[in-house]
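Read through the structure below, which is laid out as structure tokens, and then see the notes.
Each ligand, and each atom within it, is numbered from 1 in the order the structure gives.
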Amino acid sequence: MSTALPEIPQERRLVTAVPGPKSAELMARRKAAVSAGVGASFPVFVERGSGGILLDVDGNSIIDLGAGIAVTSVGVSAPLVVEGVQSQVEKLTHTCFMIVGYDSYVQVCEKLNELTPGTHEKRSALFNSGAEAVENAIKIARAYTGRSEIVAVEHGYHGRTNLTMGLTAKNMPFKQSFGPFTPGIHRVPVAYPLRDTRSGEEVAAAAIRRMESEIGGSNIAAIIIEPILGEGGFIVPAPGYLPAMQKFANDNGIVFIADEIQTGFARTGAWFASEHEGIVPDLVTTAKGIAGGLPLAAVTGRADIMDSVHVGGLGGTYGGNPVACAAALGSIQTMEELDLVNRANEIGEILTTRLAALAAELDVIAEVRGRGAMIAVELVKPGTLEPAGDLAKRVAAACIAEGVLVLTAGTYGNVLRFLPPLVIEFDLLNEGLDVVGEVLAKEAANL
Ligand SMILES: *Cc1c(COP(=O)(O)O)cnc(C)c1O
């Protein structure tokens, strides 16, 4: 390790209330300096992190069950990421890859082409954010097919730029007051097992009927789906749904895009979540877990599709910045060396077992679902499927006060999602889940 900082003990330790006085002071400054439109899930400021711990500015050690929304899968400031960034940043911070190249960009593309589903010939292009990758995947699909129309699904999330807001299903907080959105976007049903008892094939058939009757298959450039819907609440589409949607795409010359920005890079116990259903997407979008926290995103896909765009049609000033690429190479190397794909499955075992035990005791938990280290519980009013969004919010707030960071999600805001760093120690994970269990039991009793 090239860092001289003392190691952070992997234990939950509170030395003040959370938030403490320094966080409170920073929150006040934040309020005066930062746009109110930028939200904050928790009124806490963090100074450092490592493994499964975030150390806040008041010296509290908080168990991290969110990984910055599935970004720091290798942990915050993972050693190989730090080393890669440090050695890169003193050599070359930027050239603009569209002007002159550097090899780390090519290496990241080679890695993406190797790791994403399918053994066909692939190409990649790098960008800065997930939304930008999604926008570019749509540009590529439109250029390749010469068609305009795009299909997204209910509960889907694809970003906050104009095009990706249009693709995103949920209004608040993502779309409210920000329209109109780009034309040519259509939404079809997704198989949401808890709230729809039809089989995956049946829901896909309904979606396909809708596409055929309302758009026409030959007008559709792309279908974009998250193989597990992230912001939508870790909805795992019923088996058969994704393959049927992909088959319709293939049969109709439609580019099938898997948005693996949240599910990718070992998170679900496979390199990519498409693998669980044997899906081989035409294009895959990645970001979040790719670079250990540095801004990087990519589109990877079939060489003929990726190369169909005119020269100069893709790019951006910063896309595939050398420092971000170095971070990605360090992050991917960490995943390989520590076998984080397997570790995600072990974490998934612990999460599922513990949360299922909790669900057996608490009738506010309607379902435990997800794959690997991407697991959620959906909270409802007991005996109904009525979403308990307030409860999820209260639990997350009470957990951080106890030194455990857990995120919410879901179209109805009633999902607690667990996305720990894949390097978290199992004892720490279990301790975090102890706290979540106690808090949830207490809050559910006050429903
Ligand atoms: C987070 C996310 C995005 C947007 O990524 P940004 O980097 O925030 O622009 C797109 N798609 C999915 C599935 C995501 O989870």
Show the short N or O contacts, below 3.5 Å, that ligand 1 makes with protein N or O atoms; if there are none, say 'none'.
residue: ligand 1; atom: 7 (O); partner: G130; partner atom: N; Å: 2.7
residue: ligand 1; atom: 9 (O); partner: G130; partner atom: N; Å: 3.3
residue: ligand 1; atom: 9 (O); partner: A131; partner atom: N; Å: 2.7
residue: ligand 1; atom: 11 (N); partner: Y157; partner atom: O; Å: 3.4
residue: ligand 1; atom: 11 (N); partner: D259; partner atom: OD1; Å: 3.4
residue: ligand 1; atom: 11 (N); partner: D259; partner atom: OD2; Å: 2.7
residue: ligand 1; atom: 15 (O); partner: Q262; partner atom: NE2; Å: 2.9
residue: ligand 1; atom: 15 (O); partner: K288; partner atom: NZ; Å: 2.7

Check: What pairs with E214 under side chain to side chain contact (heavy atoms under 4.5 Å, CB included), at least two apart in sequence or on another chain?
Finding: R210
Item checked: Residue among V106, N113, L112 satisfying side chain to side chain contact (heavy atoms under 4.5 Å, CB included) with E110 -> V106
Compile the donor-acceptor pairs under 3.5 Å between side chains in residues 169-179 and protein atoms, sequence neighbours left out, one pair per line.
residue: K170; atom: NZ; partner: G410; partner atom: O; Å: 2.8
residue: N171; atom: OD1; partner: Q176; partner atom: N; Å: 3.1
residue: N171; atom: ND2; partner: Q176; partner atom: OE1; Å: 2.9
residue: K175; atom: NZ; partner: T168; partner atom: O; Å: 2.7

Check: Do the two ring centres, one from F265 and one from F272, sit under 6.0 Å apart?
Finding: yes
Check: Could R209 and E212 be called an ion pair, given the rule that one side-chain N must be under 4.0 Å from one carboxylate O?
Finding: no
Next item on the list: Can you sort out the partners of D304 under salt bridge (Lys or Arg N to Asp or Glu O under 4.0 Å), two or more places apart, ordered by chain and number?
Entry: none
